[in-house]
A.B. asks: 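Take a look at this one; I'll ask things after.
Any value given below was found using the heavy atoms of this structure, including those in side chains, with hydrogens, waters and symmetry copies removed. Proteins get letters first, then strands, A, B, ... in listed order; numbering begins at 1 in each.
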Amino acid sequence: MSRQQPGQPKPLPSALTEFAALHTICGRDVIQGIVVGASALVAALALVWLLLPVIHPTPASLTRPSATLQVFSGKDFVAERPAESRMAADTPGVSHMLDEEAVFSIKASVPLDHYRYVRLDLAGGQAGLRYFLFWRTVETPDKQYFVQLEGAGNGPSWHRFPDPDLWQGTTTDVAVGAFGTSDEPITLHSVRFEHGSRASLVKSAWTAWHAINSWSGSSINRHFGAPKSEAQFPAALLGLWAAIAFSLVALWALKHRGRPRALISAGLLALFIPWWLLDRLWQAQLDRQLLVTRDVFAHRAQAEKHEADADAALYDYARHIKIRLAAQDSRVFLLHNSEGHNFNRLKLQFHLLPANVYNYGDQLMSHGELRRGDYVLTLGAVPDIQYSRQTQVLSDGHHSYRGQLVDIHALGNLYLISGYAGPGGTP
Amino acid sequence: MTIAAEITPIALAIALILPWLSGAIAVRALVGPAPISLLLGHGFMLGQLLIVLLLLAWDFAGLHLAFTPIALTLAALSGGVLLLYKPQVIWQKPHCSGRWSDILWLLPLIVFLGERGFTLTEELVLRPLFAWDAWMNWAPRSVVWFHHEALTPFVLPEQWLAAPSESVAYTLGNPRANLYPPGVPLLLLWPMLAAGTHDHTLLYLPWLLLPFAASAALWGHLRQQHLPAPICALAVFAFLSQPLVNTHTALPGYADLWLAVAFGLGGMALAQWQASGNGRWGLLAGALALCCALFKVPGIGFALLLVAAGGLLVLRPPARWLIYAGGAAFTLLIGGLLLGLHPHSAQFAANHLVLNLPGPLPTLRLAPAPLLPLLWDSLFVFANWHLFWLLLAACLSTGLVLRGVESLQHVALPVFITGFCLLLALFGLTHYFAQAVNGVTFDRTLLYVVPLGVYVAFAQLALLWQSEPPAETP
């Protein structure tokens, strides 16, 4: 490693105008590179298409040929347990769900191991709902099987069932269930059992890649690009396409040495077209997420956002507690029957700030550690903690403290410590 | 949304813009005339460093933390620097061919920036603090400091219990977080002081500005290497489109992206020093190393990498020494990772080899672990990075084939490789492997080297692009 131009510091390149020609992207080599890159992408796409059965082989038990597809029209299904149902254009629909549940069922004999995919045509939206396919089989009539249909709910969707242990036998009953909350009516148009094919594989992958996946606790840690259960991750498949295309470009470059700009142009095209497609998938995911976010938080003040958030109960409870503390930075011992990082206890600590919270364990501290004027907050059931209203003593079996029960709430109790009452004992 | 009723928007705007301008002035004073993309790109990060240092100094002097006096001090300092240097030229004019075709090529980038920028902005502005570590580790310290108008100490739980009644100290629900460096909580405290509240989504706007500022610096540095604007635009797209980069903006409050950008900008500053011979870029790299150390505990390691690379540029030791030392370390790492693929080796080493690190650094239990399959999934299967690692591999291999050893002489490359290897060693050879298995930290820790990796990949292309005389335009 060495300086390229040692000696006197010189200003940042200021004579670059002489290189102005270098800056232009339009040159013969570049155009040739673009043609080469585009050709490589087409050839690589064809190769990936041919290789698909190798990349995602069908288990042997799922390769039996079948004469016909099995298609069930929506009108043949029965809508079970709806609060309100309706028929529209010969399709069953559920306008209002009972107990956040809508199920469409049919008696059907389907030899599952003849089919690898299910095409579902169902409308009802994705936000707030999860869809499942249920079935019973002749072979195990007492057992009900089910699998989640990631990405269903927005018209036609394709679902792949790679687990041959689950996907076997002949059905007696088939059902599609929707669970959760939705403002839209849920309408089932058709269910179709399909054979394995390249087209079905791509369609099922497309469905999975568009399955709504709202922010979760792990979103900040990593992004899969598809439900974790899916074998076809978009970055892997499109990456394979890009890698093959780039390899073809490299082969071309070996024959045309001394043309780095053509190689750069071709290589960048081979990599960034698949990259751009991946990014469109990501943007679509962000857009779907934003709809959910808007639905919950748009046009709300900050406090109203908290009220609408998933942890609203903890936020409300923290506000309830804070006005009962003697000072905003009072010391609070938050006890909770949990180990490790528990969401409720940690999030409550955050909402209680600037209260000075000690957030460990489910037992009282030793004499001297817990002092007069401190508060003890038991979040949820904390079995070791006992309190006697008569004697006004708080104890965990090891230590007893004189204290006053300041507040009783569905989420927990708040005590104000006035002194140490001695070791051990019950209140 | 009733912003005005909840916060002080003008003060918040000043809190965002003033450090940025001050940082840009500081960069200008440090390195001399530079393109505005570099001044703004580095200036944003340097401005945050100025705020962090000013808040620390303010508290050390025993003064109450308040927005107006600190803002006035920063403005006065920046004005003083301007008066002292009296620069004739603030920034260099951009070198633009002015061809319509070049401008046309940039339109996709503008469309992308608009679409992604609006999406991330709306997500950030609408959703209250969401990400787990943000409300567990980072924001609580800012909230306490905001209410106390002082940097109240945070201590380990056992110290908190033993503290005398007259002292005021806090302890977080995650014990180790009490030892985290103060950089990120301080740069969040600053907009809180300005806005007059600790609870508003707009306080997290620095997380939105950070990747865009980093992109400005990335653009500027690549343009300095004579790479055409459309290819620089691809580099910006390559960085700003990565899902994990976007997620750390949309769900703000984590420190990872701050460390990633500080380390990346530090590597770019070193490369600029190497290319221009202007040692003042080394000072900027030193400031960015300080940022790394102030943002996260692992940042200390990355800061040392930047300092060590700066030392190499000064001392210029014989290349064979570096090759021998680097080769030996790399061989050990690869050997350890391959050994880790055999479960018995991990068992053999586990709990027998312990490495005690000084200060806030953790104690490491050495044990080779089967990291490589997880690494493969993270880099090439999951969608964390789109196709970044494939791009990097393609660029490095192309550079090596076409330019040989010359392609390895770019200082940013060994900085990137050592940073990456540091992470592999941490997760592949120590008990931190458990964090790779549970998926909590491994992928987002790889983020630390991504901004610099994007620069390294395109810097290789710049080397190749310059190696050929321009072809005639048909």
A.B. asks: Check whether A:Val357 gets within reach of chain B through its side chain, its backbone, both or neither, counting any heavy atom under 4.5 Å.
C.D. replies: backbone
A.B. asks: Under a 4.5 Å heavy-atom cut-off, does chain B meet the side chain of A:Leu346, its backbone, both or neither?
C.D. replies: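 The answer is both parts of A:Leu346.
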A.B. asks: For residues B:Arg444 and A:Asn221, is any side-chain donor paired with an opposing acceptor at under 3.5 Å?
C.D. replies: yes
A.B. asks: By a 4.5 Å heavy-atom criterion (distance strictly below it), what part of A:Ile220 contacts chain B: side chain, backbone, both, or neither?
C.D. replies: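 Answer is both: backbone and side chain atoms of A:Ile220 are under 4.5 Å from chain B.
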A.B. asks: At a 4.5 Å cut-off on heavy atoms, which part of A:Ala250 comes close to chain B: side chain, backbone, both, or neither?
C.D. replies: neither
A.B. asks: Which is it for B:Glu122 and A:Arg294 under the salt bridge (charged side-chain N to carboxylate O under 4.0 Å, His left out) test, yes or no, and what are the steps along the way?
C.D. replies: CA-CA 9 Å; B:Glu122 195 171 354; A:Arg294 279 183 191 147; 2.5 Å; yes
A.B. asks: Which region of A:Ala355, side chain (C-beta onward) or backbone (N, CA, C, O), has a non-hydrogen atom less than 4.5 Å from a non-hydrogen atom of chain B, or is it both or neither?
C.D. replies: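 For A:Ala355, backbone heavy atoms alone lie under 4.5 Å from chain B.
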A.B. asks: Please confirm whether A:His341 and B:Trp132 have ring centers closer than 6.0 angstrom.
C.D. replies: no
A.B. asks: Against chain B, label A:Leu263 side chain, backbone, both or neither, depending on which of its atoms sit under 4.5 Å from a heavy atom there.
C.D. replies: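 It is the side chain, since no backbone atom gets that close.
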A.B. asks: Where on A:Phe343 is there a heavy atom nearer than 4.5 Å to chain B: the side chain, the backbone, both, or neither?
C.D. replies: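 A:Phe343 touches chain B through backbone and side-chain heavy atoms alike.
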A.B. asks: What part of A:Ser216 gets closer than 4.5 Å to chain B, counting heavy atoms only: side chain, backbone, both or neither?
C.D. replies: backbone
A.B. asks: Classify the side-chain pair A:Asp311/A:His351 by whether it contains a donor and acceptor separated by less than 3.5 Å.
C.D. replies: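 Yes, because at least one side-chain N or O of A:Asp311 sits under 3.5 Å from a partner of the opposite role on A:His351.
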A.B. asks: Under 4.5 Å from any heavy atom of chain B, what part of A:Arg371 do you find: side chain, backbone, both or neither?
C.D. replies: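 Looking at A:Arg371, just its side chain touches chain B.
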A.B. asks: Looking only at heavy atoms and a cut-off of under 4.5 Å, which of A:Leu334, A:Leu271, A:Asn359 has the most pairs with chain B?
C.D. replies: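 Ranked by heavy-atom pairs under 4.5 Å with chain B, first place is A:Leu271.
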A.B. asks: Between A:Asp287 and A:Gln283, do the side chains contain a donor N or O and an acceptor N or O under 3.5 Å apart?
C.D. replies: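 Judged by distance alone, the side chains do pair up.
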A.B. asks: A:Phe246, A:Tyr360, A:Phe224, A:Phe350: which one forms the most heavy-atom pairs within less than 4.5 Å of chain B?
C.D. replies: A:Tyr360
A.B. asks: What residue, out of B:Val143, B:Leu413, B:Asn174, B:Val144, has the most heavy-atom pairs lying under 4.5 Å from chain A?
C.D. replies: B:Asn174
A.B. asks: In terms of heavy-atom pairs under 4.5 Å, which option from A:Gln349, A:Arg331, A:Gln328 contacts chain B the most?
C.D. replies: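 Looking at each of A:Gln349, A:Arg331, A:Gln328 in turn, A:Arg331 comes out on top.
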